[in-house]
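Structure record follows, encoded as structure tokens.
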Amino acid sequence: MLRWEKIEEGAMLLHSTVISLVPPYSFERLLRRLETHPDPQLFVDTEASTLRRAFRVGTRPVLASLQFAGSTEEPVIRLNTEATLSPAEQQLLEKTVRHMFSADQDLTPVYEHMRQSPEMAVLTERFRGLRFFLDSDLFQSMVKTIIGQQINLAFAASLTQRLLELAGDMMEDTDGRTFMAFPTEEAVARLEPDDLRPLQFSQRKAEYIIDYARAIVNGTIDLDRLWQMEDEEIVAYLTSLRGIGRWTVECLMMFGMGRPDLLPAADIGLRNGLQLVFGLADKPDEKEIRRIGAAWTPWRSLYSLYIWEAVGAVRRKEVWE
DNA sequence: GGCCAGGCTAGCA
DNA sequence: TGCTAGCATGGC
């Protein structure tokens with residue numbers, strides 16, 4: 001399944017690995033989604049079907065390019081990295097990339113389930129091959145989610161960008177492009193709210209993010225434990241921290257962990273999306289969303305993604321057939 | 001200028 | 001348990 005090659009490129013040796021994804025996977029839909037959900041860590045080269053990004057492998061920042069090859073029905077990603085990675089580091093990076101692309105998510109049973117609803121059936125056609133593009137680790141997933149609380153996506157991306165510039169590690173590729181690796185827990189824990197205030201973080205947002213990083217550094221919170229915990233255990237565990245509510249943890253479990261059955265019923269985007277997709281007269285409240293969403297188990301995360309994406313498509317003025 | 005953003009806390013009944 | 005004011009700032 002994995003193929004190794006060495007390619008001479010200028011003075012720099014590259015490792016190239018091929019990663020196969022479970023079909024269908026639509027790179028096109030991912031690119032569309034990134035238009036309305038910008039990721040300041042990604043350099044998107046649409047022409048070359050390539051994403052470039054700085055990863056943190058262990059503690060070390062590493063540049064990698066992810067080139068989409070193949071097709072929706074035979075999806076393949078070519079992962080190019082620096083030659084200086086050890087086999088263990090290379091393996092760790094590949095695991096992260098598979099996670100980010102939800103490489104093993106089989107959409108077949110999800111679509112079968114969604115087709116029971118005419119409104120959702122339309123979305124399975126329109127967004128065929130759309131999957132979660134996950135955060136590379138749980139620390140940054142939570143930080144980005146806290147940043148995203150109650151502000152629009154564009155502003156959230158700006159704030160994330162500024163945090164990267166303040167506390168991340170800068171790298172440069174052979175073409176002179178600069179990339180920022182997400183700040184470490186330690187780097188964020190060392191900050192004070194006054195460092196973030198000039199970047200237009202609210203006082204509270206600054207406190208929440210720094211407190212969260214400190215809780216990890218001092219061992220109050222152990223993110224590795226989450227993988228063994230049930231959804232509701234994770235909610236109870238993390239909402240003990242100030243600034244982290246149910247919505248934030250639900251987003252962490254969806255966008256950080258890739259869990260399939262979360263319903264962030266308080267989410268304003270989901271409320272708008274439900275009204276849009278199901279043609280409701282009024283914007284549904286949290287209780288109403290839980291009532292409607294009960295029928296979506298065990299795929300409530302995927303339903304949410306497709307409903308969010310309907311809002312995104314309208315925002316991008318995509319023609320609705 | 002007013003309303004909306006992929007919320008949370010604290011205070012109160 | 002359930003409701004609400006206040007927070008804080010950009011985008012449209």
Side-chain angles (χ1 to χ4, degrees), chain A residues 30 32-40 123 127 130-135 140-163 193-212 215 221 234-259 261-278 280 282-293 296 300-317:
Chain A
L30 171 60
R32 290 285 185 85
R33 183 165 168 75
L34 288 172
E35 290 174 23
T36 37
H37 298 70
D39 179 344
L123 301 185
F127 301 143
L130 172 69
R131 264 182 256 175
F132 278 98
F133 188 67
L134 302 178
D135 292 312
Q140 64 170 282
S141 187
M142 182 70 101
V143 170
K144 284 159 67 179
T145 307
I146 295 172
I147 287 176
Q149 290 170 357
Q150 178 58 22
I151 59 174
N152 64 65
L153 292 168
F155 183 40
S158 303
L159 291 182
T160 302
Q161 168 81 30
R162 291 171 198 165
L163 177 65
D194 281 348
D195 298 318
L196 295 177
R197 294 288 286 136
L199 312 185
Q200 290 171 299
F201 283 67
S202 66
Q203 178 68 26
R204 284 190 187 167
K205 218 182 264 299
E207 289 170 5
Y208 295 162
I209 290 164
I210 293 168
D211 286 352
Y212 166 67
I221 294 293
I234 296 176
V235 171
Y237 184 55
L238 293 176
T239 54
S240 63
L241 296 174
R242 190 164 164 270
I244 296 176
R246 170 171 284 273
W247 176 88
T248 304
V249 183
E250 286 169 338
C251 286
L252 177 81
M253 290 190 283
M254 294 174 82
F255 295 105
M257 306 181 77
R259 293 210 172 175
D261 196 26
L262 276 303
L263 182 68
D267 184 272
I268 186 65
L270 197 57
R271 295 179 61 196
N272 292 334
L274 268 154
Q275 186 176 18
L276 171 73
V277 171
F278 294 95
L280 307 177
D282 300 306
K283 200 175 289 187
D285 62 13
E286 187 169 343
K287 197 174 157 193
E288 176 71 0
I289 290 186
R290 291 200 191 284
R291 192 188 64 74
I292 298 171
W296 305 345
R300 285 179 291 183
S301 301
L302 277 303
Y303 274 77
S304 301
L305 176 65
Y306 277 63
I307 290 167
W308 271 322
E309 200 53 14
V311 178
V314 169
R315 204 169 282 170
R316 293 187 296 266
K317 305 190 195 313

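Residue numbers begin at 1 in each chain, while the letters A, B, ... track the order of the sequences.
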So what does A:R162 touch, heavy atoms closer than 4.0 Å: a base, only the sugar-phosphate, or nothing? nothing
Looking at the side chain of A:R204, which of C:dG6, B:dT9, C:dT9 is the nearest nucleotide? C:dG6
What is the nucleic acid contact for A:I146, judged by heavy atoms within less than 4.0 Å: base, sugar-phosphate only, or nothing? nothing
Quick one: is A:R315 getting a side-chain N or O under 4.0 Å of the C:dC12 phosphate, OP1 or OP2? no
Contact class for A:R271 vs. all strands (heavy atom < 4.0 Å): base, sugar-phosphate, or nothing? nothing
On DNA chain B, more 5' by nearest nucleotide between A:I244 and A:G148 is A:G148
Length of the CZ-C1' vector between A:R197 and C:dA8, whole Å: 8 Å
Give me the distance, rounded to whole Å, that separates B:dC8 from C:dG11 when you measure between the P atoms they each carry. 22 Å
Charged N to carboxylate O below 4.0 Å: is that the case for A:R204 and A:E207? no
Using OP1 and OP2 only, check whether a side-chain N or O of A:N272 sits under 4.0 Å from B:dA5. yes
Measuring from A:D267:CG to A:E250:CD, what's the distance to the nearest 0.5 Å? 9.0 Å
Roughly how many Å is it from CD in A:Q150 to P in C:dT9, rounded to a whole number? 13 Å
With rounding to the nearest 0.5 angstrom, report the CD1 to CZ distance, A:I307 to A:F278. 5.0 Å
Starting at atom CD1 of A:I289, determine the distance to atom C1' of B:dG7, rounded to an integer number of angstrom. 14 Å
Assess whether a salt bridge exists between A:R32 and A:E309, defined as any Lys/Arg side-chain N lying under 4.0 Å from an Asp/Glu carboxylate O. no
Rounded to whole Å, the CG-C1' distance (A:L159 to B:dA5) equals 12 Å
Provide, to the nearest angstrom, the distance between the CD atom belonging to A:Q203 and the P atom belonging to B:dG7. 21 Å
So CZ of A:R246 and CD of A:E286: to nearest 0.5 Å the spacing works out to 8.0 Å
Within the 4.0 Å heavy-atom criterion, would you say A:T248 contacts the bases, only the backbone, or no part of the nucleic acid? sugar-phosphate
Length of the line joining A:R242:CZ and B:dC8:P, which is rounded to integer Å: 13 Å
Starting from C1' on B:dC4, measure out to CD1 on A:I151 and report it in whole angstrom. 13 Å
Touch check for A:I147, heavy atoms < 4.0 angstrom, all strands: base, sugar-phosphate only, or nothing? nothing
Options C:dA8, B:dG7, C:dT9, nucleotide nearest the side-chain atoms of A:W247: B:dG7
Whole-Å distance, A:K287 NZ to C:dG2 P, equals 9 Å
Identify whether any heavy atom of A:L270 sits under 4.0 Å from a base atom; if not, whether one sits that close to sugar-phosphate; answer base, sugar-phosphate or nothing. nothing
